[in-house]
Amino acid sequence: MATEDIGSDYVRIFDTTLRDGEQSPGATMNVAEKIAIARQLERLNVDVVEAGFAASSEGDFESVRKVAQALTTPVVLSLARTRELDVDRALAAVDKARNPGIHIFIATSDIHLKYKLQMNREEVLTAAVWAVARAARHLSHIEFSCEDASRSDWDYMVSLLREVVAAGATVINLPDTTGHAIPEEYGRMFSYIRERVPGAERVRWSAHCHNDLGMAVANSLAAVKNGVRQVECTINGIGERAGNTSMEEVVMALRTRKDLFGIESRVNTRQIYPASRLLCQVIGWPLPPNKPIVGDNAFAHEAGIHQDGVLKHKLTYEIMKPEDVGIPSNKLVLGKHSGRHAFVDRLNHLGVDTAAIDVNKAFAEFKALCDKKKVVYDDDLLALVTEESRRAGDYYELAGLSVSSSNGAPPRAEIVLRVGGQERRGAAVGDGMVDACYKAIYQLAGVQPVLERYAVKAITGGTDALGEVSCLVRQGGLTVPGQGAHSDIVMASALALVNALNRLRLGMRNNPQPIDEEGP
Ligand code: KIV
Ligand code: ZN
């Protein structure tokens, strides 16, 4: 069981990419992808991983369980409402974790009590204490959150938290659920409440901010200034609506301005860039080029006067070093003469867990890519391995594709699709080659979803670049993304659709119910 070392002074990083992050529309991940992200979080050396919301669906329960089993160092926890079923499912999902934890929450603002929970303050207090006490019989790491804390009455939170701490909570989180707070006020809330809750010095205080007004990082830092020693965040700042506090921004702000904060996190910052790239590959979201820390332009100096200064001395315009966040100084990596050792070495440098992939297969694919492409970049390599792990254990598998198009005749696609291990062959014509492929795949899979979005992006420069396709498909009230990467754009498109169909099938099987928030 995890022991709390409340005494040592550093800022714990609580990563919620797999829970709050996954709540971003279109950021759904399958179990294999969640494990890949979780392993990268462990390499980053984050302190706590929120693996999901075990009671929300069978699929979420399974993925929390698998992530809990896959990790060694961080605390792994599941979110839970104050209901008996939630608490018990969360406890069961993490019971194999080396360092298990639970995160119980209930709203405390009058707005939520009146319109969402339809409970009075006393009832909310009773539910919170009951849930914490139940979990405390099994675990020592119990986080409790006052949802919508930044719009809650401070004195009410003091009276509730007094009981919750006495019942066994070891971490108290005061979230800015709606992204409504301003730094000075958010920081002051922590000081006010910490001064008044008996035993406040024995628990860890946590900040959890949303970015609706673009204040999530600033609010989290204001909380740190007011004694908070845990920040909840996500890779690339993904999350509900405008997102959560960005892990890389808060970690690098603490590090770069240690003169001001006097405290840091324990994150291995060189794993930041690989984490960011991995997440982009998994969920298929491109980053804006000006995204702090990890965007393409974050360290690019365009103006002549800046370039001149940087050439004379980097400190003139650079407050951080790109290599400190893991941005490779030499993005040009390998060629057709590179050996297996160099290949594995480069993957390790990029943060890929080579023990978790079929290296021989990946190396063979790399060699095939070298035959097509003169120059293979880090991003090509990452796309190639992500594509490999993305397909592992899939129900639908693309086993063959051939397309033809000529003047006068409509484009035609012939597809071989493995469905649950059985090979099916079919052909279709369409308005273009991608359209023909998609029609043939729908026929063979026996599904007819609506294609809501389709986008192509070249991962690296040149006409021989690896292309990345992302799509969004909808069927029966479920919308899922799909990604595919290949040097042939039609092939990448087909892989993206097949990836989406696998997610759709998983989603349908798990039959996720919308989480009903009415009640404790
Ligand atoms: O934003 C929020 O309030 C949350 C809680 C569940 C902690 O995500
Ligand atoms: Zn949140």
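One-based numbering, in listed order, for ligands and for the atoms of each. The model shown is predicted, which means the values in this text are computed figures rather than measured ones.
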Visitor: When rounded to the nearest 0.5 angstrom, what distance separates CD in Glu50 from CG in Leu18?
Guide: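 The CG atom of Leu18 is 9.0 Å from CD of Glu50, to the nearest 0.5 Å.
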Visitor: Going by atom types only, do Glu232 and Ser206 share a side-chain donor-acceptor pair under 3.5 Å?
Guide: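 Looking only at side-chain atoms, Ser206 and Glu232 do form a donor-acceptor pair, the distance falling under 3.5 Å.
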Visitor: Tell me: protein heavy atom nearest atom 6 (C) of ligand 1, and distance?
Guide: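 Of every protein heavy atom, Arg19 NH2, 3.7 Å lies nearest to atom 6 (C) of ligand 1.
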Visitor: Side chains of Gln483 and Ser470: is there a donor and an acceptor less than 3.5 Å apart?
Guide: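 Not at all, the side chains of Gln483 and Ser470 share no donor-acceptor pair under 3.5 Å.
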Visitor: For Glu147, is at least one N or O under 3.5 Å away from an N or O on ligand 1?
Guide: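 N/O-N/O distance below 3.5 Å does not exist for this pair.
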Visitor: Name the one of Glu147, Arg194, His208, Met157 that satisfies side chain to side chain contact (heavy atoms under 4.5 Å, CB included) with Leu174?
Guide: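 Looking at Glu147, Arg194, His208, Met157, the match for Leu174 under the side chain to side chain contact (heavy atoms under 4.5 Å, CB included) is Met157.
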Visitor: Mind checking whether Glu232 contacts ligand 1 via backbone (N, CA, C, O), side chain (CB onward), both or neither, at a 4.0 Å heavy-atom cut-off?
Guide: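 Contact part for Glu232 vs ligand 1: neither.
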Visitor: Flag Asp20 as yes when one of its N or O atoms lies below 3.5 Å from any N or O atom of ligand 1, and as no otherwise.
Guide: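 Right, the criterion is met.
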Visitor: Give the name of the N/O/S atom in His210 that lies closest to the Zn ion (ligand 2).
Guide: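 So the atom name we want here is NE2.
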Visitor: What atoms of ligand 1 come closer than 4.0 angstrom to any heavy atom of His210?
Guide: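 This gives 1 (O) as the contact atoms.
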Visitor: Of the options Val64, Asp20, Asp86, which is the one that meets Phe53 in a side chain to side chain contact (heavy atoms under 4.5 Å, CB included)?
Guide: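 Of Val64, Asp20, Asp86, side chain to side chain contact (heavy atoms under 4.5 Å, CB included) with Phe53 is met by Asp86 alone.
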Visitor: Check His208 and report its N/O/S atom nearest to the Zn ion (ligand 2), by atom name.
Guide: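 In His208, the heteroatom (N, O or S) nearest the Zn ion (ligand 2) is NE2.
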Visitor: Is there a polar contact, in the sense of an N or O pair closer than 3.5 Å, between Thr177 and ligand 1?
Guide: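 N/O-N/O distance below 3.5 Å exists for this pair.
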Visitor: Heavy atoms only: give me the nearest Ala207-Asn173 pair and the separation to one decimal.
Guide: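 Smallest heavy-atom distance, with atoms named: C-OD1, 3.6 Å.
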Visitor: Taking the Zn ion (ligand 2) as the reference point, name the nearest N/O/S atom of Asp20.
Guide: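 In Asp20, the heteroatom (N, O or S) nearest the Zn ion (ligand 2) is OD2.
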Visitor: For atom 4 (C) of ligand 1, grab the closest protein heavy atom and report residue, atom and distance to one decimal in Å.
Guide: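 Minimum-distance protein heavy atom for atom 4 (C) of ligand 1 reads His208 NE2, 3.5 Å.
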Visitor: Between His103 and Ser78, is there a side-chain donor-acceptor contact under 3.5 Å, judged purely by atom types and distance?
Guide: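 On atom types as modelled, these side chains do not qualify, holding no pair under 3.5 Å.
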Visitor: Could you say whether the N/O atoms of His103 and ligand 1 ever approach to under 3.5 Å?
Guide: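 No: no nitrogen or oxygen of His103 is under 3.5 Å from one in ligand 1.
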Visitor: Going by the angle between their ring planes, with limits at 30° and 60°, are Phe190 and Trp205 parallel, tilted or perpendicular?
Guide: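 Judged by the thresholds at 30° and 60°, the geometry between Phe190 and Trp205 is perpendicular.
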